[in-house]
Structure formats: structure tokens, C-alpha cells
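Numbers here are sequence positions counted from 1. When reading the values below, keep in mind they use all heavy atoms of this one structure, side chains included, and skip hydrogens, waters and symmetry mates.
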Amino acid sequence: MKNYLLFDLDGTLTDPKLGICTCVQYALASFGIEEPDIDKLTPFIGPPLKDSFMEFYHMEEEQAEKAVAKYRERFQDQGLFENKLYEGIPEMLEALNSRGMFLAVASSKPTVFVERILEHFHIRKYFKVIVGSELDGTRVSKDEVVKEALEQLFGEKPVDKGKVYMIGDRRFDVEGARAMGVESVGVTYGYGDMEELREAKADYIVRSVEELREFLLRGTEDAKKGLTFRVVWQMLYSFLMFVLVRTIAISLTMNVYLLISKRMPGFPFVLLDAEGNAQAVTGNGSAVAQIIGCIAGAAIIWKTARVMVQKAEKESRLLHMKREPLQNYLILGGITLGAMLGLNMLLDLTGVTDNSAAYQAIAEQQYSAGIWLAIPLYALAAPLAEELLFRGIIYNTLRGAVGRPVIAMLMAAVFFGVYHGNWVQGIYGFLMACLLIYGYEYFGDFKVPVILHASVNLISYLLSSTSLAVSGFVCWPVCVVCLCLAAAGLYFLSRQRRIF
């Protein structure tokens, strides 16, 4: 959430079409230019007037200055009030003001006119700072206006550009914001369309006053639900139902194996002793049982998870209107790969894995399954089922209750670590869960943690099933490089956009 908001006036707070265009007509008429269609004059809304007269009517600078003077001749008494507020603007400003945000107007229109317009519409009270151009022709470019607004808004404090949005409808607003190093929010309900704002590389684009309000107010709810009994029970119920149904499904599958083995002595999923009695389930048999268990567990929580994921995506869509470049997805993939390799090697090189009998037993079982069953289990069934539970339900529940993503992330990651049942996988699971949640938050797409989880499981299985796991590949230099690359990738992404 950013709480220093700079608003353009024309096309953002007010619709000035009639006033501006009729005054342009008046100015052009003084040069013998008749333009009866005011729709052709809408490009004058937004940019500095002198520039527009020079660009659209090929005037020399001196002529353009005279045209501006004629424009103001009519505007100051009549055109000034041929204007109207966009529907919902006063209510939005009231809501922003009540949340303690600092509002300013940064317009290319002369400050004296901006003040009179805001007073006329009774919204002057919401703005701490009003900055426009000067009547003498100075401070007309948007970057100069934005700079002055920032300096006045922050006063003696250093300007914190990370807390600022510049909101406007034209490319000039976006370019002015970028020149001053602040993020821009383009609005398409004014006089700049989607194509113009995208070409100008607006950081965010909204389509209505209502959507702008939602975007600016996100995360400022008056009260969070907190970890109430109902919230805690919702998480625990989903977790317990998942584990219970999964365990029952696995147990039933194992019993079916035993029944089949009695009638089919050569049944491949059960090992028999010398007397022909069932001794143990094979790795392949265990993999099939776990696939069935994951499917059953996912099915029992599917409805709840789907509702929560859809709700989370709806709430976060305003944070992700800016399309992420492909390189960021690739960087996150590299971060995940580096973290997975580095952490696995770190646990191995420090002897942690060798000192955990529980981990050794689980690892032996996991890698005893054939690849044709291991891939469906570890790259499909398990990741999807676990993501539905831990990111879809548990993390989204905590995020909504706690209100602070970083706290929700840590709590959900602990939950995921404990779920693994042994401290080696618990540590690894906790750290990887933090990374999966980071990816979920960064891109706002549930498919991201699912794909990352599946990729990590698959690569980890394939590496552990080959000679790479016991070759010179596992060494301290490679471990350090992998972890450093993961850290560097996280730093790069966080520099582009702060999530926590």
C-alpha cells in the first residue's frame, strides 16, 4: 500500500471536455481557424497548451503563446466551470482521506485555475498540496510538476518515492512519474486509452473510478478478522480431513493389495516371505497407494480450495494488472532450482540427512518406486494436492486473518514443515514453502507454486536417482554457488517490486 497519491486533474478527477475544447475553439478563432467539431480538440486535454497548439496547428512559439493567452481569456471566467466531476470521485477522496493518506494534485493547468476548480466542486479540502503550472509559462512539463508536488508533500522529510503513485489519464502523466522515479497508475476512463497508457509503460492501468478506488484502498481495511476460533478451525478441519482421507485411502489400497495377493501369488505390488505370506508392499505398490491417497485428499478439500483460490485471485488482481515480463518467471524458476539444489546439498554435506533415521526410511521408500510411477506421484498428484491444502487453503486463510503476508507466510511454512513428520524434511519444507509463497504473491497466480512444486519434486527425484547425487557434483563450492544465485535472483525480483 502506498499512501502518497498525486492526482492529475483533467481526465482523472474531472471531465473538462466542454470547457477546454470550447476555449481552444475560441483561441483558434482569433487566428481565423474555425473548428466546429470539439471532439477533434480532445487531444488538448492533458498536455501543456502551448505544446498542443504548436503540435496540432503547427504554430510558432510566439503564436502558441498568444493562443494560450486567448484561451485563458475565456477559460478564467467561463470555461473554468464548464466542467464536471467523474462519478464516484468525491466518495473515493473521502475514503482515501479517512485512511490517513496524503493527497496532492499535480496538473499542467495553472495552479490558480486548479485551486478554483477544486473549490468549485468542494473537494479542495481533501488535498494537502496543489501544484500546477505558472501563468508566466514556467513549470509546465509534468516531471517538473511532479517534482514540486513531491517536495511540498514530503516537506522537510526525505522524499520516499517508494510510497508514491502518480495517477493520470495520459502518457504525459506516466512519463512525468517515471522521470521522477515513482510508479504510475493510468486511468482509461479519461482521455488516454489503453493503447496509449501501455505504450507509455504505465505501471498499472485501471478502467473506472471504482476500480481505481479498489486499487488505492487495497490492504487498508478497518479491521482484520484475526485468528478467531472459526478461522483456526477452518484451517485445522481442512488439514485433518485431508490427512484422514488420504491415510484411509492409502490404507484401503494396501489392504486391497493383500486381498489380491492371496488370490494372485505373483501380484507385483506385494513382497512375500518364504511361506507365501505378505511381508511388505513394494516401492511401486506404495507409489500407487500414495497417488490414490493424494487424489482422495485433494477431492475432499477441492471445493474449499477452489473458492479460496478464486477469492484470493480476485482480491489480488489489482496488484497484478501490470503484466510481468517472461524473464521474471524464468528468474523465479532459476531461484527455485538454485534453492532446491543448494539446500539439498547443504543438508547432505553437513551430515544432517545421515543422522535422521526417519528421513532415511522415507527416502528409501521414495526412490524404490519405478520412474513411471514416481513421476505421476511426485510431479503431479502430490504437488497439486499439497498446494491446494497449504497454499490454497492454509496460506490464504492466514493471509486474510493476519493481514500481513510475511507473518502469514511464516506461519503457513511452519505448518508445511511440520506436515512432513521429520525434522530434516521439515526444515527443507519450511524454506521451500516460503519460496513457493513468495512466487504466489509475486505473480498472483496459483499455478505458479503448483508448477514450481512439481518441478522441484521432479528434478530432485531425477537427480537422486542418478549418479549426480553421489558424484563430485555434490560439494561445498557448488552448494554455495547455487544458494548465492538463488539469493541474487530474489534480490533482483525484490528490487523490481516489493512483496513483503
Side-chain heavy-atom pair Y438, I335 within 4.5 angstrom cut-off: no
Which pair of non-hydrogen atoms, one from C482 and one from M345, has the smallest distance, and what is that distance? SG-CE, 3.9 Å
Minimum-distance pair of heavy atoms, taken over all atoms of A287 and A369: CB-CB, 3.9 Å
Pairwise side-chain contact, L118 with F127, heavy-atom cut-off 4.5 Å (strictly under): yes
Establish, from distance only, whether the side-chain atoms of Y395 and E441 form a donor-acceptor pair under 3.5 Å. yes
Quick one: does F239's side chain get under 4.5 Å of I393's, heavy atoms only? no
Only one of L485, V481, L463 passes side-chain contact (heavy atoms from CB on, under 4.5 Å) with L341, and that residue is L463
Side chains of S208 and E211: do they bring a donor and an acceptor to under 3.5 Å? no
So does L9 get a backbone contact from the side chain of T12, meaning a donor-acceptor N/O pair under 3.5 Å? no
State, with a plain yes or no, whether a side-chain heavy atom of L436 is found less than 4.5 Å away from one of E387. yes
No-hydrogen, no-angle side-chain donor-acceptor test under 3.5 Å, S286 and Q290: yes
Whether the side chain of D15 engages the backbone of K17 through a donor-acceptor N/O pair (distance < 3.5 Å, no angle test) should be reported. yes
Between D169 (side chain only) and Y191 (backbone N and O only), is there a donor and an acceptor less than 3.5 Å apart? yes
Counting only heavy atoms not in Q152, do more than 12 sit closer than 6.0 Å to its CD atom? yes
Determine yes or no for a side-chain-to-main-chain donor-acceptor pair under 3.5 angstrom, with S133 supplying the side chain and S108 the backbone. yes
Hey, can you tell me if W233 and Y237 have their rings parallel, tilted or perpendicular (30° and 60° cut-offs)? tilted
Run the side-chain contact (heavy atoms from CB on, under 4.5 Å) test on L150 and V182 for me, step by step, so that the C-alpha distance in whole Å, both residues' side-chain angles and the decisive distance to 0.1 Å come before the verdict. CA-CA 10 Å; L150 289 174; V182 302; 4.1 Å; yes
Please check if the number of heavy atoms outside W302 that lie under 6.0 Å from its CH2 is greater than 12. no
Under a plain distance cut-off of 3.5 Å, with no hydrogens placed, do N396 and Y440 share a side-chain donor-acceptor pair? yes
For E87, look at atom CD and say whether over 12 heavy atoms of other residues, nucleotides or ligands are found less than 6.0 Å away. no
Hey, is the main chain of R170 close enough, under 3.5 Å, to the side chain of D173 for a donor-acceptor pair? yes
Does K147 reach the main-chain N or O of M180 with its side chain, forming a donor-acceptor pair under 3.5 Å? no
Can you tell if the side chain of W423 reaches within under 4.5 Å of the side chain of V352, non-hydrogen atoms only? yes
Give me the atom names and distance for the closest heavy-atom approach of T397 to M235. CG2-CG, 3.6 Å
Tell me yes or no: between the side chains of D354 and Y359, is some donor less than 3.5 Å from an acceptor? no
Given the rule in the side-chain contact (heavy atoms from CB on, under 4.5 Å) test, do I371 and L462 qualify, once you have shown the distances and angles that lead to the verdict? CA-CA 9 Å; I371 192 170; L462 292 176; 3.6 Å; yes
Where is the tightest heavy-atom contact between A202 and S184, given as atom of each residue plus distance? CA-OG, 3.5 Å
The test is side chain to side chain donor-acceptor pair (under 3.5 Å); show your working for Y329 and E324 and say whether it passes. CA-CA 8 Å; Y329 288 94; E324 293 293 336; over 6 Å; no
Does N97 form a side-chain contact (heavy atoms from CB on, under 4.5 Å) with M101? I'd like the steps, not just the answer. CA-CA 5 Å; N97 193 64; M101 297 189 179; over 6 Å; no
I'd like to know if the side chain of N355 and the backbone of G351 have a donor-acceptor N/O pair within less than 3.5 Å. yes
Looking only at heavy atoms, which two atoms of T14 and Y86 are closest? And how far apart? O-CE1, 3.1 Å
Contact check, side chains of E175 and K142, non-hydrogen atoms, under 4.5 Å: no
Check this for me: K163, atom NZ, are more than 12 non-hydrogen atoms of other residues, nucleotides or ligands nearer than 6.0 Å? no
Between Y189 and R207, what is the shortest heavy-atom contact and its length? CB-O, 3.9 Å
When you measure from the centre of the six-membered ring of F215, is the NZ or CZ of R213 closer than 6.0 Å and no more than 45° off the axis? no
Between E196 and R171, is there a donor-acceptor pair closer than 3.5 Å when you use the side chain of the first and the backbone of the second? yes
Could you give the distance from CE (M432) to CG (N457), rounded to the nearest 0.5 Å? 9.0 Å
Atom pair OG1 (T253) and CD1 (I292), whose distance is rounded to the nearest 0.5 Å: 4.0 Å
R391 charged N/C atom sitting above F416 aromatic ring, 6.0 Å / 45°: yes
Hey, mind stepping through I205 and M194 against side-chain contact (heavy atoms from CB on, under 4.5 Å) and telling me if it holds? CA-CA 8 Å; I205 301 175; M194 182 69 73; 3.5 Å; yes
Between T138 and E134 (side chain of the first, backbone of the second, donor and acceptor by atom type, cut-off under 3.5 Å), is there such a pair? no
Check the side chains of Q360 and E364 for a donor-acceptor pair under 3.5 angstrom, ignoring hydrogens and angles. no
We want to know whether Q425 and N422 form a side-chain donor-acceptor pair, criterion being a heavy-atom distance below 3.5 angstrom. yes
Validation row: P90, L85 side chains within 4.5 angstrom (heavy atoms): yes
Can you confirm whether or not the ring centre of F154 sits under 6.0 Å from the ring centre of F102? no
Indicate yes or no for a side-chain donor-acceptor contact from S356 to the backbone of T353 under 3.5 Å, with no hydrogens or angles considered. no
